[in-house]
Undergrad: 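Pasting a structure here, questions to come.
If you're wondering where the values come from, they're calculated on a predicted model, not measured in any experiment.
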Amino acid sequence: MADSIDRAIVEGRVYPSASDILPGGTAAAALPDWSLLRLSPGLLALTGWESAEALIQASGGALYDLFCPEDRPCILAALESLLASAGRIKAEYRLLRRSLPPLWVTLCAGLVDTEALGVHLECFLLDLSDLRRAEAELSERCQTLTEQARREAMTGLLNKDAFRLDVRTYLSAAGPEETYALLVTDLDDFKRFNDRYGHTFGDQVLLAFAAILSRSFGPGALCGRYGGDEFVVFLPGTAPRTAEEALHVLYRNLKCRRKGDPMFQCSVGAACGKGPAEYSRLFDRADAALYRAKRAGKNRFQMDRGGL
């Protein structure tokens with residue numbers, strides 16, 4: 001053990017290497033007994049010891065002594081395999097810590113030949129809690145970006161592509177008795193808002209309508225902006241009567257505006273279906289019903305029940 005301490009000190013326990021500024025910790029071990037040659041400040045921080053001498057005194061002086069006794073047979077087997085193949089180790093083990101519970105770390109190790117130390121083992125240990133935290137943050141960020149890419153920038157509703165994908169997925173997996181409704185709606189005479197009051201006011205109308213749609217159909221509905229002043233809503237698991245009741249709620253909400261909302265009206269075409277279906281056909285039926293509502297005087301809805 002004294003030799004290990006002396007070698008750790010002589011070889012530089014404060015090791016002026018780029019590896020010492022990496023997250024986690026590094027160590028070097030001699031062959032064939034795996035006695036420690038060098039410990040980085042990062043590794044000392046992971047274990048809670050203030051000096052290489054103290055850590056080696058407490059552990060026993062070999063690389064595998066830094067880990068829980070239950071893990072040491074696996075580590076020794078991995079080291080022997082590495083020695084035979086001159087390959088690499090990458091595995092998860094429990095690192096012993098001073099006055100703290102063991103810490104799960106990833107151990108990456110390989111054989112290196114340097115002028116100073118000859119052929120020896122270089123190790124890198126990364127705190128798995130840091131890694132998992134980083135992975136969780138990355139996953140959350142990816143989910144956020146993915147969801148942002150699915151949303152229409154101004155209203156926050158699903159964009160056209162995301163809406164079509166979600167509805168197509170639902171329709172392809174629908175059971176034979178599963179009912180649903182697709183609504184296509186646009187604002188009546190929307191162009192006059194932009195022409196008379198400007199596009200900023202027109203945007204306020206679109207935002208107010210998007211909020212009313214979300215409020216009227218609830219969290220189970222898929223609401224999207226198809227483009228311009230055209231919006232779409234998909235109601236999964238909804239029978240024709242329930243879809244009609246939901247449309248009455250929409251028109252009540254249009255009449256009972258929130259304070260400050262601009263006044264506007266809309267027309268809606270609804271297509272009801274049951275079982276697996278093609279999205280394009282369902283949409284065309286709803287779109288045709290919308291034009292019937294427009295021809296009938298606007299500010300109303302028309303339903304295509306599809307024989308239901």
Undergrad: Checking Lys160 now: which residues fulfil salt bridge (Lys or Arg N to Asp or Glu O under 4.0 Å) with it, not counting sequence neighbours?
TA: none
Undergrad: Please test Phe231 against Val184 for side-chain contact (heavy atoms from CB on, under 4.5 Å), starting from the C-alpha separation and ending with a verdict.
TA: CA-CA 6 Å; Phe231 294 77; Val184 179; over 6 Å; no
Undergrad: Got a sec, which residues hit side chain to side chain donor-acceptor pair (under 3.5 Å) with Thr47, two or more places apart in sequence or on another chain?
TA: none
Undergrad: Sequence neighbours left out, what passes salt bridge (Lys or Arg N to Asp or Glu O under 4.0 Å) with Arg150? Give chain and number order.
TA: Glu147, Asp166
Undergrad: Are Leu55 and Leu96 linked, directly or through intermediate hydrophobic residues, by side-chain heavy-atom contacts shorter than 4.5 Å (ILVMFWY only)?
TA: no
Undergrad: Between Phe234 and Tyr170, does the ring centre distance come in under 6.0 Å?
TA: yes
Undergrad: Is the count of non-hydrogen atoms from other residues, nucleotides or ligands lying under 6.0 Å from Arg281 atom CZ greater than 12?
TA: no
Undergrad: For a 4.5 angstrom cut-off between non-hydrogen side-chain atoms, does Cys108 reach Ile89?
TA: no
Undergrad: Between Thr185 and Leu290, which heavy-atom pair has the shortest distance, and what is it?
TA: CA-CD1, 4.4 Å
Undergrad: Assigning hydrophobic clusters by single linkage (Ile, Leu, Val, Met, Phe, Trp, Tyr; side-chain heavy-atom cutoff under 4.5 Å), is Leu222 placed with Val249?
TA: no
Undergrad: Mind running side-chain contact (heavy atoms from CB on, under 4.5 Å) on Arg252 and Lys255 for me, showing each step along the way?
TA: CA-CA 5 Å; Arg252 282 199 299 271; Lys255 290 179 181 178; 5.8 Å; no
Undergrad: To check you understand the geometry: which heavy-atom pair defines the closest contact between His120 and Ala29, and what is its length?
TA: CB-O, 3.3 Å
Undergrad: Answer yes or no: is there a donor N or O on one side and an acceptor on the other, between the side chain of Tyr180 and the main chain of Ala239, under 3.5 Å?
TA: no
Undergrad: Could you point out which residue of Asp186, Leu254, Ile212 forms a side chain to side chain contact (heavy atoms under 4.5 Å, CB included) with Cys266?
TA: Leu254
Undergrad: The criterion is salt bridge (Lys or Arg N to Asp or Glu O under 4.0 Å); which residues satisfy it with Asp71, sequence neighbours excluded?
TA: Arg94
Undergrad: Show, in sequence, the C-alpha distance, side-chain angles and deciding distance for Arg88 and Glu122, and conclude whether the salt bridge (Lys or Arg N to Asp or Glu O under 4.0 Å) test is met.
TA: CA-CA 10 Å; Arg88 295 286 186 270; Glu122 285 285 345; over 6 Å; no
Undergrad: Could you walk me through whether Leu145 and Gln148 pass the side-chain contact (heavy atoms from CB on, under 4.5 Å) check?
TA: CA-CA 5 Å; Leu145 291 174; Gln148 287 176 349; 3.6 Å; yes
Undergrad: Looking at every non-hydrogen atom in both residues, tell me the closest pair between Leu157 and Ser214 and how far apart they are.
TA: CD2-OG, 3.5 Å
Undergrad: Is there a chain of hydrophobic side chains (I, L, V, M, F, W, Y, each step under 4.5 Å between heavy atoms) that links Leu31 to Leu76?
TA: yes
Undergrad: Would Ser280 and Leu282 count as a side-chain contact (heavy atoms from CB on, under 4.5 Å) here? Give the steps.
TA: CA-CA 5 Å; Ser280 58; Leu282 186 66; over 6 Å; no
Undergrad: Using the side chain to side chain donor-acceptor pair (under 3.5 Å) rule, collect all pairs that involve residues 225-238, keeping only residues at least two apart or in two chains.
TA: Glu152-Arg225, Tyr226-Tyr279
Undergrad: List for me each residue that meets salt bridge (Lys or Arg N to Asp or Glu O under 4.0 Å) alongside Glu177, sequence neighbours excluded, and say none if there are none.
TA: Lys274
Undergrad: For residues Leu165 and Leu158: do they belong to one hydrophobic cluster (side chain heavy atoms under 4.5 Å, members Ile, Leu, Val, Met, Phe, Trp, Tyr)?
TA: no
Undergrad: Compare every heavy atom of Leu182 with every heavy atom of Ala286, then report the nearest pair and how far apart it is.
TA: CB-O, 3.5 Å
Undergrad: Would you check if the side chain of Asn159 reaches a backbone N or O of Ala162 as a donor-acceptor pair within less than 3.5 Å?
TA: yes
Undergrad: In this structure, would Phe264 and Leu206 fall into the same cluster of hydrophobic residues linked by side-chain contacts under 4.5 Å?
TA: yes
Undergrad: How about Tyr197: does its OH atom have over 12 heavy atoms from other parts shown lying under 6.0 Å from it?
TA: no
Undergrad: Taking Ser81 for its side chain and Ala77 for its backbone only, find out whether a donor-acceptor pair lies under 3.5 Å.
TA: no
Undergrad: Is it the case that more than 12 heavy atoms not belonging to Glu140 sit under 6.0 Å from its CD atom?
TA: no
Undergrad: Using only atom types and a distance under 3.5 Å, with no angle test, would you say the side chain of Arg72 pairs donor to acceptor with the backbone of Phe67?
TA: yes
Undergrad: Around atom CZ of Arg97, are there more than 12 heavy atoms from other residues, nucleotides or ligands closer than 6.0 Å?
TA: yes
Undergrad: Sub-3.5 Å donor-acceptor pair from the side chain of Thr155 to the main-chain atoms of Ala210, do we have one?
TA: no
Undergrad: Applying salt bridge (Lys or Arg N to Asp or Glu O under 4.0 Å) to Arg164 and Asp161, what does each step give before you reach the verdict?
TA: CA-CA 5 Å; Arg164 286 193 299 192; Asp161 290 339; 3.0 Å; yes
Undergrad: Which heavy-atom pair separates Met303 from Pro240 by the least distance, and what is that distance?
TA: CE-O, 3.6 Å
Undergrad: Please check if the side chain of Glu244 supplies one atom and the backbone of Arg241 the other of a donor-acceptor pair under 3.5 Å.
TA: no
Undergrad: Any idea which heavy atoms bring Gly110 and Leu82 closest together, and the distance?
TA: CA-CD1, 4.1 Å
Undergrad: Please examine the side chains of Glu80 and Trp34, heavy atoms only from C-beta on, and report whether any two atoms are closer than 4.5 Å.
TA: yes
Undergrad: Using the ring centroid of each side chain, check whether His248 and Phe301 are separated by less than 6.0 Å.
TA: yes
